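This report concerns only the one structure given below.
Note that the structure is a prediction, hence the values are computed from the model and not measured. Chain A is the first sequence line, chain B the second, and so forth, proteins listed ahead of strands; every chain is numbered from 1.
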There are 2 protein chains.
Amino acid sequence: MSSKNKDTRTRILEVTWHLMEQQRGQGVRLADVAAAAGVSRQAVYLHFGSRTELMIATTAYVDEVKGLNDRLQQLQNITSAHELLEKSITIWGNYIPEIYGLAKAMLSTRETDEAIAAAWDKQMDCLRNACQDIIDAFIREEILTPEWTRSKAIEMLWTALSIQNWEQLTIECGWSTSQYIEWMKTFLKHAFTKLEN
Amino acid sequence: MSSKNKDTRTRILEVTWHLMEQQRGQGVRLADVAAAAGVSRQAVYLHFGSRTELMIATTAYVDEVKGLNDRLQQLQNITSAHELLEKSITIWGNYIPEIYGLAKAMLSTRETDEAIAAAWDKQMDCLRNACQDIIDAFIREEILTPEWTRSKAIEMLWTALSIQNWEQLTIECGWSTSQYIEWMKTFLKHAFTKLEN
DNA sequence: GTGTAAATTGACGCCATGTCAAGTAAAAAT
DNA sequence: ATTTTTACTTGACATGGCGTCAATTTACAC
């Protein structure tokens, strides 16, 4: 099996991620992680030092494996601002379900943990940049609704695309991934742009 | 002192609320609550039985004192749908800062606590109803953007007005209460209605 | 004064994180 | 071949909240 060949550190990271997704970021104890990885609880401490460090390392690992940044790079050569918005939402909407459990754990831990908060903010930067690119494209094409300020539009867009909103719409309201994507497109298109039709 | 005359139960509730606001819902221990109320830790258990029950009782107490429902009742005789949206956002935007700490504590606890989750959902009903009234008013006046379904519009509006979004915009992005209110009005008006100008 | 309700005091169990020290097993170095 | 190093195990223990229990004390009512 491939997972048995991997080194202990990677195995712990993978198992942590798996448990986070499985339990939606809740109630994942280090003892569970260790047991699932087939090592002692102390081995986790030897490799990561603390729960916080394990979570940060797992986030980095997932980022590496899933590569949101790479996916968003594909948007570089898009011409139309509306296409940019739509493709961004599609990428983001398909990405969230894959990292939701870990994201949720990070979000709840960050309140009391500076290091987690910093690591999370760093991850969020890439979404913020995407939002900035979108609003800048709207401005370039002169289709941003005139009331908006550049910075206010960016921040509102970023907020609308938050994981908490995805959670509320999909998990609480029961929307499917494609419903989330489609309605979010509708929502944001109307919120920020003058429509030409 | 008025607070000294109040019975122990009320004093505990008030102190809990105060500490929750002061510490933004984080790190409020029952020992702190007891000390601040001038009673023993056990007295808290005698009155409320558990942390969960204390939080639920505090939520009910705050609801009673702050009366969001009463404030929203003022909207009953509003004619224009846009006015309804704007006044609702104003009321909501001024309400959140007063209950934010407690709300945050409830939000983070609800993940692992069924009773808290149920109590919170009950509180949220009144916002949901307000959102429903707004969308229905848009439909009645035939100004809802045609793409929207009634239920999807209600759910999206409800999500946009979530406390997490308020938190992100005000605390993380640094918006003032009035900025939140004004930009949220702009945002939602464009997102859901055909504009007549 | 005796009874009762409200609260205090202090001890204890539980559980997760985190720490410590001693031991083991296999690969690497000499 | 033996030592050393590396990676990990084992088990015990400290800490800090929550929650529970039992034995008081305080205060007021009758």
Side-chain angles (χ1 to χ4, degrees), chain A residues 3-16 19-20 22-59 101-102 104-106 108-117 119, chain B residues 3-16 19-20 22-59 101-102 104-106 108-117 119:
Chain A
S3 74
K4 270 286 157 191
N5 297 339
K6 284 172 184 162
D7 62 342
T8 304
R9 192 188 142 90
T10 309
R11 225 163 58 234
I12 293 171
L13 289 171
E14 223 150 61
V15 147
T16 302
L19 285 178
M20 288 289 185
Q22 201 175 319
Q23 305 185 33
R24 287 183 172 173
Q26 295 295 317
V28 176
R29 295 165 299 185
L30 293 196
D32 300 337
V33 169
V39 296
S40 67
R41 194 167 64 91
Q42 274 21 294
V44 178
Y45 283 96
L46 287 173
H47 280 283
F48 301 98
S50 71
R51 184 187 179 82
T52 293
E53 290 304 316
L54 172 61
M55 284 178 63
I56 292 173
T58 305
T59 301
L102 182 59
K104 198 169 166 86
M106 293 289 284
S108 65
T109 311
R110 92 180 147 152
E111 309 300 338
T112 50
D113 189 321
E114 274 297 321
I116 295 276
Chain B
S3 73
K4 271 286 158 193
N5 297 339
K6 283 174 186 164
D7 62 343
T8 305
R9 191 189 144 90
T10 309
R11 224 163 60 234
I12 293 171
L13 288 171
E14 223 150 60
V15 148
T16 303
L19 284 178
M20 287 288 185
Q22 201 175 321
Q23 305 185 34
R24 289 185 171 170
Q26 294 295 319
V28 177
R29 293 165 301 183
L30 294 196
D32 300 337
V33 168
V39 296
S40 67
R41 193 167 66 93
Q42 272 27 314
V44 177
Y45 282 96
L46 287 173
H47 281 282
F48 300 97
S50 71
R51 184 188 179 82
T52 294
E53 290 303 316
L54 173 61
M55 284 179 63
I56 292 173
T58 305
T59 302
L102 183 58
K104 198 169 166 84
M106 293 288 285
S108 65
T109 311
R110 93 181 146 150
E111 308 300 339
T112 50
D113 188 321
E114 273 296 321
I116 295 276

Completion exercise
Readout for nucleotides 7-20 of chain D: B = base within 4.0 Å of protein heavy atom, S = sugar-phosphate only, - = neither; 5' to 3' it is -BBBBB----SBBB
Practice task
Sequence neighbours left out, what passes salt bridge (charged side-chain N to carboxylate O under 4.0 Å, His left out) with A:Glu53? Give chain and number order.
Solution key: none
Problem - With sequence neighbours excluded, residues passing side-chain contact (heavy atoms from CB on, under 4.5 Å) with A:Thr58 - result: A:Leu13, A:Thr16, A:Trp17, A:Leu54, A:Val62, A:Leu102
Practice task
Look up atom CG in B:Asp7 and atom CZ in B:Arg11, then write down how far apart they are to the nearest 0.5 Å.
Solution key: 8.0 Å
Exercise for the section: Check whether any side-chain N or O of B:Ser108 sits under 3.5 Å from a backbone N or O of B:Ala105 as a donor-acceptor pair, and report yes or no. Expected result: yes
Exercise for the section: Sorted by first residue and then second, give each side chain to side chain donor-acceptor pair (under 3.5 Å) pair with at least one member in residues 23-50 of chain A; sequence neighbours left out. Expected result: A:Arg29-A:Asp32
Handout entry: Start and end of the DNA chain C segment that chain A contacts, any atom under 4.0 Å from a heavy atom
Key = C:dA16 to C:dC20
Practice task
Sequence neighbours left out, what passes side-chain contact (heavy atoms from CB on, under 4.5 Å) with B:Ala117? Give chain and number order.
Solution key: B:Arg110
Problem - Side chain to side chain, A:Met55 and A:Met20, heavy atoms closer than 4.5 Å - result: yes
